[in-house]
Amino acid sequence: MENQSSVSEFFLRGISGFPEQQQLLYGLFLCMYLVTLTGNVLIILAIGSDPHLHTPMYFFLANLSFADMGLISSAVTKMLFNVQTQRHTISYTGCLTQMYLFMMFGDLDSFFLAVMAYDRYVAICHPLHYSTIMSVRVCALMLALCWVLTNIVALTHTLLMARLSFCVVGEIAHFFCDITSVMKLSCSDTHVNELVLSGFGGTVLMVPFVSIVISYVHIVFAVLKVQTSGGSSKAFSTCSSHLCVVCVFYGTLFSVYLFPSSGETTEKDVVAAAMYTVVTPMLNPFIYSLRNKDMKGALKRLLCHRRNLSS
């Protein structure tokens, strides 16, 4: 698709319009970014090195960790670089690339959360058929489907954005190239982009969310049939962490993209975006794994093995 833009770069407002706050938030975001990378890398290494964790649940958890690293990296690294160098610009090509990667990894997070909810549904509601339903072939097909769909969606939005004209070097009122913020800078008709974003984008968000809700409705009914309180508690404990992250992720996501503020991007939008691009990926290793006995054991064995090799 032909690039009709006459500008070569945009200005990124960043996480705050005040230089003093920028420096303070720079340190905070850098720390959260490093914690996110460290936590998710450890999760992936622990799952890969421990044969006991080679199950569908941990397989998709490892993929979720990878998507989380991609999501936070696509949104935060350019902002951190700009604050450090005091150059608050991003090239036109860089902006489209960041937009594509951000949407792809963001949608991957959403799809993986839905797949993990389905995995918990099968494990709790159909335990005797779990190994058959969640076979290696099925897991591989689900993973491939997630990657293909999210790439198609991200590419569609990016190509539609590339056809727009940008007549002046505008300021993106965000800390990354958010699609709605960039669209507001265009001097051409954005009606098609807005329709696709509302329809196509809304569907991509709602289908995984509805799948999660349906899975948990069945899980709740199945758990209520468990007579012993111990059995009920154990069943709920396998889902509580996942449900917590789902609420944070979709709550902030819906507030920004399904119920956007009128006019210019507000501080509420930036804070909500920071929640699902920075805070949620950082919390996922702790919420999902570090409270899990199997994951704790795998992490201890991994770290002990590394320590023995270095000694």
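Quick caveat: nothing in here was measured; it's all calculated off a predicted structure. One-based numbering along the sequence shown.
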Where does the angle between the aromatic ring planes of [X] and [Y] fall among parallel (under 30°), tilted (30 to 60°) and perpendicular (over 60°)?
X    : Y    : result
F29  : F175 : perpendicular
H242 : Y216 : parallel
F105 : F66  : perpendicular
Y276 : F249 : perpendicular

Taking the side chain as C-beta and beyond, is there a heavy-atom pair between [X] and [Y] under 4.5 Å?
X    : Y    : value
I212 : M116 : no
L143 : F59  : yes
Y250 : L113 : yes
V245 : L283 : no
M161 : M99  : yes
F111 : V207 : no
L28  : L24  : no
F81  : T77  : no

Testing the basics here: between [X] and [Y], what is the closest heavy-atom pair and its distance to 0.1 Å?
X    : Y    : answer
A46  : L302 : N-CD2, 3.7 Å
L42  : L299 : O-CD2, 3.6 Å
C95  : I172 : SG-CD1, 4.0 Å
I287 : C244 : CD1-SG, 4.3 Å
G199 : T203 : O-OG1, 2.7 Å
Y92  : L164 : OH-O, 4.5 Å

When rounded to the nearest 0.5 angstrom, what is the spacing between [atom1] in [X] and [atom2] in [Y]?
X    : Y    : atom1 : atom2 : result
M142 : N63  : CE    : CG    : 11.5 Å
S110 : L64  : OG    : CG    : 10.5 Å
N151 : M103 : CG    : CE    : 11.0 Å
S215 : R120 : OG    : CZ    : 11.0 Å
L61  : T55  : CG    : OG1   : 9.0 Å
K78  : L12  : NZ    : CG    : 7.5 Å

Answer yes if the side chains of [X] and [Y] hold a donor-acceptor pair under 3.5 Å, and no otherwise.
X   : Y    : result
S91 : T93  : no
S74 : Y100 : no
Q84 : Y26  : yes

Treating [X] as the side-chain partner and [Y] as the backbone partner, does any N or O pair qualify as donor plus acceptor under 3.5 Å?
X    : Y    : answer
H157 : L197 : no
T150 : W147 : yes
N40  : T36  : yes
Q98  : C177 : yes
S188 : S165 : yes
H174 : S181 : no

> Do Y58 and H52 pass the side-chain hydrogen bond (donor to acceptor under 3.5 Å, both in side chains) test, and can you show the C-alpha distance, the side-chain angles, and the key distance before you say yes or no?
Replying inline: CA-CA 10 Å; Y58 292 108; H52 297 94; over 6 Å; no

Would you say [X] and [Y] are hydrophobically clustered, going by side-chain heavy atoms of ILVMFWY under 4.5 Å?
X    : Y    : value
V138 : L141 : no
L159 : I152 : no
V210 : V213 : yes
F221 : I214 : yes
Y118 : V136 : no

> Looking at Y121 versus H218, is the centre-to-centre ring distance below 6.0 Å?
Replying inline: yes

